[in-house]
Amino acid sequence: PEPWTPLNSMDVYVLLNLGLSLNLHQELAFLAAANRVGPEQAAWLFPTMPDEPLPLEEARKLLQPAAAAVGDEAEALAALHAQIEALVMPLGLAASNNWVIAPSRTAGGASILANDTHLLLQHPPLWMQLQLRAPGYNAAGIAVAGVPGIVAGYNGHVAWGMTMVMADGQDLFVEQLRGGRDGGIRYRNADGWKPLQTRRETFHIHGRGEPVHVTIRSTERGPLLGDVLRGPAVNALQPLPQSFGDERHALSLAWTVREPDDSLAALWQLAQATDFAQAGEAARGIRYIHLNLVYADRDNIGWQVTGRYPRRLGGTGKFPSPAWTGAYGWDGWLAPGEHPAVVNPVAGFLGTANDRKLVPAEAARYSSSWFYPERGERVDQLLAARSDHSRDSVIAMQADQHNLFAAKLRAVLLAEPFAGELRTAIAALPERDRLRAMEALTALGSWDGDMRADSREAAIFGLFQGEFPRQAFLDELGPEDSAAWRGLVKDHHIAYSATQDHLLQREDSPFWDDLRTPDKTETKADIVARTLAAAIARAEQYMGSDRARWQWGSIHTYTWRSPASELREHLPWLQRLLLGRLSGWLDRGPYPAGGDHNTLNVAGHG
C-alpha cells in the first residue's frame with residue numbers, strides 16, 4: 001500500500017458523502033423504470049411522502065425524446081451499481097435515529113442525547129468506538145477508519161449525534177452531444193454548443209503489471225457517467241465495455257462535492273466545543289456532509305441541518321433533467337443561515353429518523369426523497385409519553401421493535417368499502433389460495449405490530465411486504481434480474497416506497513392491472529388478495545407447515561461476513577478453499593433478528 005496522506009482521509013470522506021447521495025440511486029432507478037413504462041407511469045413508483053402528490057410534473061421533464069434516449073445507459077449504470085453494491089453493501093442501506101431531551105423532561109434534571117446510527121453489518125466495521133486524547137482534544141464516541149477525530153460523541157461538555165438528512169446534493173442531467181469538425185465532441189447548453197472538458201486519470205491496480213488509464217469527459221455540470229461503461233474493464237466486477245449508439249446523449253452528474261470545503265475542520269472544532277453556543281457555531285460550518293445533527297450540553301438542546309444545498313432554477317431534482325434547456329441548472333447555494341435549526345423547543349425534545357421534518361413546500365428545497373415516516377412518528381410518540389426520561393428509558397426506545405405501519409395497514413385492510421372488495425377478491429381465488437389469504441388476513445387483522453423475533457404474525461407481515469411488489473410491479477419491470485426491477489427493490493430500502501404508498505392509497509394506480517392476464521383487469525383488492533395468499537405460501541416454503549414453528553427470527557437474521565468472505569467467489573481456487581475452511585473464525589451468525597426498516601431498532605432486510 002502507498003503511504004497514507006491527508007488526501008486519503010479526504011478520499012474516505014468523499015466516499016461517505018457518496019454513500020449519502022441516495023437520490024442518485026433513485027434517479028438511476030427512475031430512468032431504468034421509465035425505460036420500461038415511460039416517465040409518467042414510472043412516477044407512480046417513486047412517491048415523495050404519503051401526504052404529497054405524485055411527482056408527475058417532475059417526471060414530465062423526461063418526456064422529450066432526447067431525454068428518453070438515455071434509458072439503456074441508465075439501465076446499464078443501475079446494473080453496475082447493483083453489482084458493486086452486492087459486493088460491498090449486500091444488505092442494503094441502513095437507517096439512523098437520534099434525539100435530544102431537555103432537562104424539563106428528564107428524571108435527572110439534565111439533558112439526554114441518544115444516537116443510534118444503525119450502520120451496515122460489517123466485520124470489521126468501517127465505524128468504530130474510540131476515545132481520542134491529544135493536546136487540546138479529548139472526546140469519545142464514534143470514529144471512521146481513516147478520518148481523524150470523533151464524528152459523533154461526547155467531550156465532557158457537549159454531546160452530539162447525527163442521522164442522514166436524506167438530502168439531495170446531486171442531480172443527473174441528460175446531455176445532448178454531437179461531433180465537431182475538429183473531431184472533438186461538443187455538448188449543448190442553453191447558449192450554444194461547447195467542447196467537452198477532458199482529463200486523464202491513472203489507476204494502479206493490485207495484480208496488474210500495467211496501470212489503467214481512463215479519460216474522464218465532463219460538461220460544466222459534471223462528468224459523463226456512461227464513460228465508465230465504455231472504458232477498459234478492470235476486473236470481473238466491472239461489466240465488459242459496452243456501446244450505446246452514436247453518443248448523441250449522455251448522463252452527467254452535478255455534485256456538491258466539487259466545491260472547496262473545510263468541514264473536517266468544523267467537525268474537529270465541534271469535538272472541542274466547551275459550551276452549547278460553540279457547538280452550534282461549529283455545526284453550522286459543516287457543509288460537505290448532509291446531516292440531521294442534534295447536540296446538547298447539560299441545560300440546552302438543539303438541532304441543526306448541515307450540508308451544501310443547490311438553488312435549482314427549476315424542478316426539484318428528484319428525477320434527471322434535460323441540460324440543454326438551461327431551465328433546471330444550479331444557481332449557487334442555500335446560505336447556512338437558511339438551513340433548518342431549532343434550539344430549546346417548547347415540546348422539550350427533538351428527534352430525527354431520516355424522515356421529513358418540515359412542511360412539504362419547505363422540505364422540497366432540501367430533498368424530495370425521504371425515508372418512511374413511521375420511525376420518526378414512533379420517536380415523537382415515545383418521547384412525548386413521559387416527562388421522566390432516563391438512560392434506561394432511551395435505551396429501551398433504541399431497542400423498540402414496534403412497527404406503526406402495521407396499524408395503518410390494518411386500518412386499510414379492515415375498513416369499508418375496501419374490506420368488502422378484498423373479501424370478494426379472496427373468494428374468487430382457487431380454494432388453497434383462498435384459505436391461505438384468509439389465514440394471512442386474520443393474522444394481520446389482529447396483530448399488535450410488534451416485530452419480535454419469536455412472532456408468527458411478524459413473519460407473515462414481513463413476507464407479505466416482501467411479496468407485494470412482486471405481485472404489483474414485477475409484470476411491468478421484470479424479470480427479477482433486470483436493472484429496472486433491482487432499482488425498484490433498492491429504492492424500497494432507501495426512501496418512502498411504492499409498496500407502502502400503494503398499500504395505503506393509489507386505488508387508481510396503473511400498476512394494479514396484471515399484464516400477464518390480458519383477459520382481465522385487476523384491481524387493488526385482487527393484488528392484495530394474491531399477496532396475502534403468497535405470503536402464507538412463502539411461509540410454508542421457508543418454515544414448513546407447522547404454524548407453531550413460524551417465527552420472524554427464523555427467516556430474518558443477522559449475519560456478519562468478513563470482507564474476505566465477501567470477496568471469496570472472486571478469488572483463485574486455492575484462496576477460496578482456504579477461506580471456506582476459515583469462515584467459522586472469520587464470520588458470525590446467523591442470529592435471529594426482530595424489527596424491520598420501520599422500527600426504531602432498525603433491521604432492514606432484502
Side-chain angles (χ1 to χ4, degrees), residues 37 41 44-47 50 54 372 374 403-449 451 456-478 480 485 488-489 491-492 496-542 550 552 596-598 605:
V37 300
Q41 186 168 336
W44 289 77
L45 300 174
F46 299 91
L54 290 167
Y372 301 85
E374 283 76 23
N403 188 339
L404 289 182
F405 178 71
K408 299 177 182 179
L409 176 62
R410 185 170 59 245
V412 170
L413 296 179
L414 301 182
E416 299 293 349
F418 182 74
E421 297 168 3
L422 182 58
R423 289 192 298 270
T424 300
I426 291 175
L429 294 173
E431 181 179 5
R432 190 173 184 184
D433 285 342
R434 182 167 67 250
L435 295 175
R436 286 169 170 163
M438 286 305 302
E439 179 182 357
L441 182 60
T442 300
L444 297 181
S446 59
W447 179 45
D448 62 6
M451 301 291 294
R456 178 181 70 93
E457 290 80 8
I460 295 172
F461 174 76
L463 292 170
F464 174 84
Q465 282 207 124
E467 186 62 30
F468 178 80
R470 292 188 184 92
Q471 297 292 333
F473 312 125
L474 187 59
D475 55 318
E476 286 90 357
L477 303 182
E480 291 196 23
W485 172 254
L488 179 73
V489 172
D491 187 67
H492 285 192
Y496 176 67
S497 74
T499 288
Q500 287 199 187
D501 193 60
H502 275 65
L503 285 171
L504 295 181
Q505 51 189 334
R506 311 302 178 199
E507 282 72 15
D508 57 342
S509 171
F511 287 95
W512 295 128
D513 185 30
D514 189 342
L515 300 182
R516 297 164 295 190
T517 57
D519 58 334
K520 180 181 179 182
T521 300
E522 284 80 7
T523 66
K524 178 177 180 176
D526 293 321
I527 300 303
V528 172
R530 287 187 196 174
T531 306
L532 290 167
I536 298 299
R538 293 280 185 183
E540 293 171 336
Q541 176 187 351
Y542 298 147
W550 288 6
W552 179 224
D596 72 352
H597 58 277
N598 266 334
H605 55 90

Distance in Å, Ile536 CD1 paired with Ile460 CD1, rounded so as to fall on 0.5 Å steps | 4.0 Å
Sorted by chain and number, sequence neighbours left out, ring-ring contact (aromatic ring centres under 6.0 Å, His included) with Phe464 holds for none
Separation between CG of Asp433 and CG of Leu532, rounded to the nearest 0.5 Å | 11.0 Å
Side chain to side chain, Arg538 and Arg436, heavy atoms closer than 4.5 Å | no
So, do Leu404 and Asn598 sit near enough that their side-chain heavy atoms are less than 4.5 Å apart?
-> no
Side-chain contact test, heavy atoms from C-beta onward, threshold under 4.5 Å: evaluate it for Trp512 versus Asp526 and give yes or no.
-> no
To the nearest 0.5 angstrom, please state how far the CG atom of Asp596 sits from the CH2 atom of Trp552.
-> 6.5 Å
Those residues at least two apart in sequence (or on a different chain) that pass ring-ring contact (aromatic ring centres under 6.0 Å, His included) with Tyr496 are none
Residue pair Pro510 / Glu476: nearest heavy atoms and the distance that separates them = O-OE2, 4.2 Å
Is the side chain of Asn403 donor-acceptor paired with the backbone N or O of Gly449 at a distance under 3.5 Å, no angle test?
-> no
Output every pair passing salt bridge (charged side-chain N to carboxylate O under 4.0 Å, His left out) with a member in residues 508-517, not counting sequence neighbours, ordered by first then second residue.
-> Asp514-Arg516, Asp514-Arg530
Trp550: what forms a side-chain hydrogen bond (donor to acceptor under 3.5 Å, both in side chains) with it, not counting sequence neighbours?
-> none
When rounded to the nearest 0.5 angstrom, what is the spacing between CG in Asp475 and CD in Glu522?
-> 8.5 Å
Not counting sequence neighbours, which residues clear side-chain hydrogen bond (donor to acceptor under 3.5 Å, both in side chains) with Glu507? List them please.
-> Lys524
Partners passing side-chain hydrogen bond (donor to acceptor under 3.5 Å, both in side chains) against Gln471 (at least two apart in sequence or in another chain) = Glu467
For Trp447, ring-ring contact (aromatic ring centres under 6.0 Å, His included) partners two or more places apart = Phe461
By ring-ring contact (aromatic ring centres under 6.0 Å, His included), which residues pair with Phe405, not counting sequence neighbours?
-> none
Check side-chain hydrogen bond (donor to acceptor under 3.5 Å, both in side chains) between Thr442 and all other residues, then give those that pass, not counting sequence neighbours.
-> none
Ile527 side chain reached by Phe511 side chain, heavy atoms, under 4.5 Å | no
Identify, with sequence neighbours excluded, every residue that meets side chain to side chain contact (heavy atoms under 4.5 Å, CB included) alongside Thr499.
-> Phe468, Pro469, Phe473, His492, Ser497, Leu503
Looking only at heavy atoms, the pair that brings Leu54 and Asp501 closest together is CD2-OD2, 4.2 Å
So the salt bridge (charged side-chain N to carboxylate O under 4.0 Å, His left out) pairs with at least one residue in residues 404-413 (sequence neighbours excluded) are Glu374-Lys408, Glu377-Lys408
Check: Gln505 side chain, Pro50 main-chain N or O, donor-acceptor pair, under 3.5 Å | yes
Run the side-chain donor-acceptor check on residues 419-431: report pairs under 3.5 Å with partners two or more places apart or on a different chain.
from, atom 1, to, atom 2, distance (Å)
Arg423, NH1, Glu416, OE2, 3.4
Arg423, NH2, Glu416, OE2, 3.1
Thr424, OG1, Gly420, O, 3.1

